Amino acid sequence: MTNNTQQSSRSVKVDFGNGNIVEYPVYQATIGQDVVDFRTFGKSGMWSYDPAFLATAACESKITYIDGDKGQLFYRGYPIEQLAEHSSHLEGAYLLLHGELPTKEQKEEFEQAILRHNMVHDQFLSFFKGFRRDSHPMAMLGGAISAMAAFYPEDFDFKNAEHRKIAIRRLIAKMPTIVAMCYRYNQGLPFMYPRNDLDYSSNFLHMMFATPCEPYIPNPVIARAFDRILLLHADHEQNASTSTVRLAGSSGTHPFAAISAGIACLWGPAHGGANEAVLKMLNEIGDESHVDAFMQGVKDKKYRLMGFGHRVYKNMDPRASIMRKTCYDVLEILGKHDDPLFKLAMKLEKIALEDSYFIEKKLYPNVDFYSGIIQRAMGIPTEMFTAIFALARTVGWLAQWQEMIEDPDFKIGRPRQLYTGYASRNYVEINNRK
Ligand code: CMC
């Protein structure tokens with residue numbers, strides 16, 4: 001617990017029988033739910049049981065807060081809507097990592113440090129070329145980020161704040177380069193070196209879409225929309241991939257390895273893979289005339305409506321509202337507002353928002369429903385969506401990893417279990433087995 005953690009006047013008493021009543025302290029949240037401190041619960045001879053962490057706070061954090069019922073998201077206390085309008089992904093990164101918005105000087109220093117460390121070791125290009133051309137970008141990304149630790153063989157001490165700062169900046173700087181390399185490699189296109197005269201998002205679009213043959217000028221409106229996608233995805237408190245990064249990092253492993261574990265978790269369709277799944281779903285439905293039959297299948301629980309529902313938001317995901325507007329803006333600028341897949345998506349959205357099945361279950365569109373449509377309009381292939389999510393979330397993963405290590409109560413994570421297997425039995429020789 002940090003110095004300013006408030007203990008509430010409330011406590012929770014648990015009666016274990018035989019007159020054994022134990023009182024557990026309650027700690028106060030600034031906003032949101034308080035927590036009961038069950039760390040000594042094990043002394044009772046029992047564990048608390050909470051698979052999937054439905055009611056367990058695994059850490060104390062000051063970074064991001066979500067009010068799922070109200071549909072609110074705050075980075076360090078700032079509403080996401082204000083940040084999306086006035087801020088940028090790199091400024092948001094500084095905020096998430098340092099706790100405060102940067103001054104002009106801090107912003108300049110941070111952005112320059114990121115923009116000037118975006119190249120990868122030349123040997124890394126040969127490493128990359130070991131992948132099959134048709135590898136999934138997430139498979140390449142996870143391997144490449146973990147392997148990046150091998151390119152900085154100097155000793156890394158996770159307890160050293162300067163080492164942590166260098167690793168954090170290195171990763172935020174090189175992530176766009178590596179994500180763009182995944183795309184270029186899949187396409188058989190030459191890798192494009194980063195350009196330091198461009199901002200973070202324009203530079204990423206340059207590394208994705210430029211060719212050595214002619215100049216490439218990123219559209220500022222598209223670059224701004226892309227930057228907003230990154231900012232909106234930068235952190236989302238203790239989601240599955242962030243918890244994975246925290247757990248992997250809790251062993252003191254290299255942060256690039258911990259982030260690689262986060263990438264593995266993010267890949268799944270219930271998490272970061274959802275925006276890719278949304279596009280696959282839209283392609284499978286194919287035509288507006290198939291929507292009603294498809295929706296019946298969802299209600300019959302044959303499959304899920306991808307891009308809808310959220311473990312925490314039981315109201316509109318605030319990121320989805322911003323993305324929805326950005327989606328219209330981008331399609332308008334690109335002259336793609338009549339895109340049949342977009343029209344199909346809007347029909348699904350309308351039906352779902354008015355249908356009692358979705359209303360009763362509080363299933364609203366989430367950010368992934370729109371971000372995939374925007375990225376597709378920008379010319380980014382579906383297989384790249386989750387890698388771009390990883391590019392954005394790297395900031396949050398690193399901020400959470402850093403916070404965990406700086407927590408005075410920091411320890412390796414070690415969940416317990418309810419064991420229901422055999423108690424004890426003797427080894428059976430192979431000839432005696434049935
Ligand atoms: N389509 C249809 N029914 C759904 C959906 C959906 N997308 N999501 C949940 N339900 C139903 C589910 O069948 C269940 O019904 P019942 O109570 O009758 O059994 C009820 O709603 C609750 O479902 P749950 O699986 O217990 O809810 P959860 O909080 O564990 O799941 C979720 C959250 C995001 C995994 C789920 O809503 C889902 O699978 N959505 C589709 C995938 C998706 O869009 N994921 C992106 C999440 S946002 C990105 C991120 O933050 O990572």
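Quick caveat: nothing in here was measured; it's all calculated off a predicted structure. Start at 1 and go down the list; that is how both ligands and their atoms are numbered. Along the sequence shown, the residues carry numbers beginning at 1. Just so it is clear, the values below take in all heavy atoms, side chains as well, and ignore hydrogens, waters and symmetry mates.
Ring pair F124/F128 is tilted by interplanar angle, where 30° to 60° counts as tilted. Ring-plane geometry between F156 and H254 is classed as tilted, the angle between the planes lying from 30 to 60 degrees on a 0 to 90 degree scale.
For residues 239-263, the pairs satisfying salt bridge (Lys or Arg N to Asp or Glu O under 4.0 Å) are R246-E403, with sequence neighbours left out.
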Could you pull out all donor-acceptor pairs under 3.5 Å where a side-chain atom in residues 268-282 meets a protein atom, sequence neighbours excluded?
{"from": "H271", "atom 1": "NE2", "to": "N239", "atom 2": "OD1", "distance (Å)": "3.3"}
{"from": "H271", "atom 1": "NE2", "to": "S241", "atom 2": "N", "distance (Å)": "3.2"}
{"from": "H271", "atom 1": "NE2", "to": "S241", "atom 2": "OG", "distance (Å)": "2.9"}
{"from": "E276", "atom 1": "OE1", "to": "H136", "atom 2": "NE2", "distance (Å)": "3.4"}
{"from": "E276", "atom 1": "OE2", "to": "H136", "atom 2": "NE2", "distance (Å)": "3.4"}
{"from": "E276", "atom 1": "OE2", "to": "K280", "atom 2": "NZ", "distance (Å)": "3.3"}

Name every donor-acceptor pair, under 3.5 Å, that has one atom in a side chain of residues 336-345 and the other anywhere in the protein, sequence neighbours excluded.
{"from": "K336", "atom 1": "NZ", "to": "A377", "atom 2": "O", "distance (Å)": "2.9"}
{"from": "D339", "atom 1": "OD1", "to": "R376", "atom 2": "NH1", "distance (Å)": "3.3"}
{"from": "D339", "atom 1": "OD2", "to": "L341", "atom 2": "N", "distance (Å)": "3.1"}
{"from": "D339", "atom 1": "OD2", "to": "F342", "atom 2": "N", "distance (Å)": "3.0"}
{"from": "D339", "atom 1": "OD2", "to": "R376", "atom 2": "NH1", "distance (Å)": "3.0"}

Can you give me a line-by-line list of nitrogen or oxygen pairs between ligand 1 and the protein shorter than 3.5 Å?
{"from": "ligand 1", "atom 1": "1 (N)", "to": "L305", "atom 2": "N", "distance (Å)": "3.0"}
{"from": "ligand 1", "atom 1": "7 (N)", "to": "L305", "atom 2": "O", "distance (Å)": "2.8"}
{"from": "ligand 1", "atom 1": "7 (N)", "to": "F308", "atom 2": "O", "distance (Å)": "2.9"}
{"from": "ligand 1", "atom 1": "15 (O)", "to": "K301", "atom 2": "NZ", "distance (Å)": "3.3"}
{"from": "ligand 1", "atom 1": "18 (O)", "to": "K301", "atom 2": "NZ", "distance (Å)": "2.3"}
{"from": "ligand 1", "atom 1": "18 (O)", "to": "K361", "atom 2": "NZ", "distance (Å)": "2.7"}
{"from": "ligand 1", "atom 1": "19 (O)", "to": "K301", "atom 2": "NZ", "distance (Å)": "3.0"}
{"from": "ligand 1", "atom 1": "25 (O)", "to": "R304", "atom 2": "NH1", "distance (Å)": "3.0"}
{"from": "ligand 1", "atom 1": "25 (O)", "to": "R304", "atom 2": "NH2", "distance (Å)": "2.9"}
{"from": "ligand 1", "atom 1": "29 (O)", "to": "R311", "atom 2": "NE", "distance (Å)": "3.1"}
{"from": "ligand 1", "atom 1": "30 (O)", "to": "R311", "atom 2": "NE", "distance (Å)": "3.2"}
{"from": "ligand 1", "atom 1": "30 (O)", "to": "R311", "atom 2": "NH2", "distance (Å)": "2.9"}
{"from": "ligand 1", "atom 1": "39 (O)", "to": "R304", "atom 2": "NH1", "distance (Å)": "2.9"}
{"from": "ligand 1", "atom 1": "40 (N)", "to": "F308", "atom 2": "O", "distance (Å)": "2.9"}
{"from": "ligand 1", "atom 1": "44 (O)", "to": "G307", "atom 2": "N", "distance (Å)": "2.9"}
{"from": "ligand 1", "atom 1": "44 (O)", "to": "N366", "atom 2": "ND2", "distance (Å)": "2.9"}
{"from": "ligand 1", "atom 1": "51 (O)", "to": "H310", "atom 2": "NE2", "distance (Å)": "3.1"}
{"from": "ligand 1", "atom 1": "52 (O)", "to": "H271", "atom 2": "ND1", "distance (Å)": "2.6"}

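Looking at every heavy atom in both residues, D227 comes nearest to S88 through OD2-CA, 3.3 Å.
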